[in-house]
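Beneath this line is the structure, given in C-alpha cells, with notes to follow.
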Amino acid sequence: MISGKTTLIAHLGYPTHAFKAPLIYNPWFEKNDIDAVVVPMGVKGDDYPDFLKYLFKLTNIRGALVTMPHKITTIQLVDEVTPIAEIAGAANAILLREDGSLVGDQFDGAGFVRGVTRKGFQLDGKRALVVGSGGVGSAIAASLADAGVAALGLFDAATATSDALAGRINQHYPQIDVSTGSKDAAGYDLVVNATPLGMNDGDPLPMDADRIAPTAFVGEVVMKQEITPFLAAAKQRGCQIQVGTDMLFEQIPAYLEFFGFGTATPDELRGVSQIKN
C-alpha cells in the first residue's frame, strides 16, 4: 500500500520492460513493514541529466537504482562518487543526503563477486575475462581486481572503452596483468558476459563458447531468462555457471544498507521475490 508517507526509490533506465528489482524490493518492504517503494521510471539518455536534477527535488525521495543506459553518465551528475564507482567509471545507485547532495555508488561488481565466491570459486590468483566494458562490465572488472585476480582480459566493441578501463585498473592495481582487445576465452579460469547479448531472441553469443575450458567458471549478467544461450553453451562444455539474477540478489543487501533500510540475506530476498523464471 502506497501512502502519503511512502519513501520513493526511483529505478531509472530505458527500456524498463526487463526490470527485476521492483519484484524483489517491494515484496521485501511489505513483509518487513517498511513504507517504501521502488518505482520504475523509463527515461531516455538525452533526457536523463535534466530529469535527474528535477527528480531529486522531490521531498519524499531517498535515492535511485540506476541501470542501462545511465550508469556511466551518472558519474558526471552526482556530487560525489565512491572509490569503487570511480574505478568502474559508472554508478548504479544514488543516495540523497540530508544536506541535499548526491553520492553515487556501484554494487554490480560486488554482487557478482559475492555470488561467485558463495558458490565456492576462489578468485585469488585466477585469470578472468570480462566481455563488455560498459557500466556493469567495468564494475565487475573493478571488483574482480579488488578480489585479487592475477590477470584480467577486457574486451569491448568500443576499444577505447576497454582501454580506458584498463588504465583505471592499472592505476589502482598495478600488480594485475591487464590486457585488452581479445574476447578469446582460452586460458581463462573465469569468463563473464557483461554485454546485453542474450536479451533479445536471435542475439549472437558474446564470444566463442567452444574456446572456454570445461574447468572455467562462467557468469552472465543478462536477466531476461535464467539460462541464456551463452550459459546453455557453457553448461554443455561442463562449466560451473552463475545466472544473471544471482548478481542481483547478492547486491541488494548492500543497496538496502546504502539507502538505510537495514539488510537481508539473498535467501530472504529469494523467498519473497515475485520474479518468475
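Note that the numbering runs from 1 along the sequence shown for the chain. Remember, predicted model here, so these are calculated numbers, not experimental data.
A donor-acceptor contact shorter than 3.5 Å is absent between the side chain of Thr263 and the backbone of Glu257. In this structure, Glu220 contributes its side chain and Val222 its backbone to a donor-acceptor pair below 3.5 Å. No donor-acceptor pair under 3.5 Å is formed between the side chain of Ser138 and the backbone N or O of Gly135. In terms of modelled atom types and a separation under 3.5 Å, the side chain of Arg114 and the main chain of Gln251 share no donor-acceptor contact.
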Show your reasoning for whether side chain to side chain contact (heavy atoms under 4.5 Å, CB included) applies to Thr161 and Ile72.
-> CA-CA 11 Å; Thr161 301; Ile72 295 174; 5.6 Å; no
Criterion side chain to side chain contact (heavy atoms under 4.5 Å, CB included) on Val136 and Phe112, from CA distance to verdict | CA-CA 10 Å; Val136 63; Phe112 184 89; over 6 Å; no
Run the side chain to side chain contact (heavy atoms under 4.5 Å, CB included) check on Val103 and Asp105 step by step: do they pass?
-> CA-CA 7 Å; Val103 58; Asp105 207 341; 5.8 Å; no
Criterion side chain to side chain contact (heavy atoms under 4.5 Å, CB included) on Phe51 and Met41, from CA distance to verdict | CA-CA 10 Å; Phe51 179 83; Met41 297 184 182; 3.9 Å; yes
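Remark: Lys126 fails to qualify as a cation-pi partner of Phe217 under the 6.0 Å distance and 45° angle criteria applied to the six-membered ring.
Rounding to the nearest 0.5 angstrom, the gap separating the CG atom in Leu55 from the CG atom in Asp50 is 12.5 Å. We find the CG-OG distance between Leu152 and Ser179 to be 8.0 Å, quoted to the nearest 0.5 Å. Annotation: the span from Arg118 atom CZ to Gln242 atom CD amounts to 10.5 Å, rounded to 0.5 Å. In this structure, Ile241 CD1 and Lys235 NZ are separated by 5.0 Å, a value rounded to the nearest 0.5 Å. To the nearest 0.5 angstrom, Asp163 atom CG is 4.0 Å from Thr180 atom OG1. A distance of 10.0 Å separates SG of Cys239 from CG of Leu231, quoted to the nearest 0.5 Å.
There is a side-chain donor-acceptor pair under 3.5 Å between Ser101 and Asp99. Checking Tyr173 against Asp146 by side-chain atom types alone, a donor-acceptor pair falls below 3.5 Å.
Ring geometry for Phe258 against Phe107 counts as perpendicular: the plane angle is over 60°, on a 0 to 90° scale with 30° as the lower cut.
The two residues Pro266 and Glu250 make their nearest non-hydrogen contact at CG-OE1, 3.6 Å. The two atoms that bring Leu154 and Ala141 nearest to each other are CD2-CB, 3.9 Å, heavy atoms only. Here the closest non-hydrogen pair linking Leu129 and Ala185 is CD2-CA, 3.7 Å. Nearest heavy-atom pair, Thr74 versus Ala91, reported as atom, atom and distance to 0.1 Å: CG2-CB, 3.9 Å. What you find for Ala264 and Pro253 is that their closest heavy atoms are O-CG, 2.9 Å. Scanning both residues, Val78 and Gly104, for their nearest heavy atoms gives CG2-N, 4.0 Å.
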Mind listing the side-chain donor-acceptor pairs of residues 194-205 below 3.5 Å, one per line with the distance, residues two or more places apart or on another chain?
{"unit_1": "Thr195", "atom_1": "OG1", "unit_2": "Asn193", "atom_2": "OD1", "d": "2.7"}
{"unit_1": "Thr195", "atom_1": "OG1", "unit_2": "Leu197", "atom_2": "N", "d": "3.1"}
{"unit_1": "Asp203", "atom_1": "OD2", "unit_2": "Gly198", "atom_2": "N", "d": "2.9"}
{"unit_1": "Asp203", "atom_1": "OD2", "unit_2": "Met199", "atom_2": "N", "d": "3.4"}
{"unit_1": "Asp203", "atom_1": "OD2", "unit_2": "Asn200", "atom_2": "N", "d": "3.1"}

Got a list of side-chain donor-acceptor pairs under 3.5 Å for residues 2-26, not counting sequence neighbours?
{"unit_1": "Ser3", "atom_1": "OG", "unit_2": "Lys5", "atom_2": "N", "d": "3.1"}
{"unit_1": "Ser3", "atom_1": "OG", "unit_2": "Thr6", "atom_2": "OG1", "d": "3.4"}
{"unit_1": "Ser3", "atom_1": "OG", "unit_2": "Asp35", "atom_2": "OD2", "d": "3.0"}
{"unit_1": "Thr6", "atom_1": "OG1", "unit_2": "Ser3", "atom_2": "N", "d": "2.7"}
{"unit_1": "Thr6", "atom_1": "OG1", "unit_2": "Ser3", "atom_2": "O", "d": "3.1"}
{"unit_1": "Thr6", "atom_1": "OG1", "unit_2": "Asp35", "atom_2": "OD1", "d": "2.7"}
{"unit_1": "Asn26", "atom_1": "OD1", "unit_2": "Val38", "atom_2": "N", "d": "2.7"}
{"unit_1": "Asn26", "atom_1": "ND2", "unit_2": "Pro22", "atom_2": "O", "d": "3.3"}
{"unit_1": "Asn26", "atom_1": "ND2", "unit_2": "Val38", "atom_2": "O", "d": "3.1"}

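For CZ of Arg211, the number of neighbouring non-hydrogen atoms (other residues, nucleotides, ligands) closer than 6.0 Å is 12 at most. Counted within 6.0 Å of CG on Asn60, heavy atoms from surrounding residues, nucleotides or ligands total more than 12; the atom is thus considered enclosed. Other residues, nucleotides and ligands place no more than 12 heavy atoms under 6.0 Å from the CD atom of Glu30.
Both Ile140 and Leu65 are part of a single hydrophobic cluster, where members link through side-chain heavy atoms under 4.5 Å apart. Cluster annotation: Ile212 is connected to Ile227 through the hydrophobic network of ILVMFWY side chains, with a link wherever side-chain heavy atoms come within less than 4.5 Å. A single hydrophobic cluster is not seen to contain both Ile84 and Leu165; linkage of ILVMFWY side chains at heavy-atom distances under 4.5 Å, directly or through other members, places them apart. By the rule that hydrophobic residues join a cluster once side-chain heavy atoms approach within less than 4.5 Å of another member, Phe29 and Phe259 end up as members of one cluster. When the side chains of ILVMFWY residues are joined at heavy-atom separations under 4.5 Å, either directly or via intervening members, Leu269 and Ile34 end up in a single hydrophobic cluster.
Judged as a salt bridge (charged side-chain N to carboxylate O under 4.0 Å, His left out), and not counting sequence neighbours, the contacts of Glu80 are Arg97.
Looking at Leu256 and Trp28, their side chains come closer than 4.5 Å, going by heavy atoms from C-beta outward. Contact annotation: the side chain of Arg127 never approaches that of Leu190 to less than 4.5 Å [non-hydrogen atoms, C-beta and beyond]. The closest side-chain heavy-atom distance from Leu52 to Ile94 is below 4.5 Å.
Taking 4.0 Å as the cut-off between side-chain N and carboxylate O, Asp246 and Lys119 count as a salt-bridged pair.
Evaluated for a side-chain hydrogen bond (donor to acceptor under 3.5 Å, both in side chains) with Asn92, the options His70, Lys71, Gln106 yield exactly one hit, Gln106.
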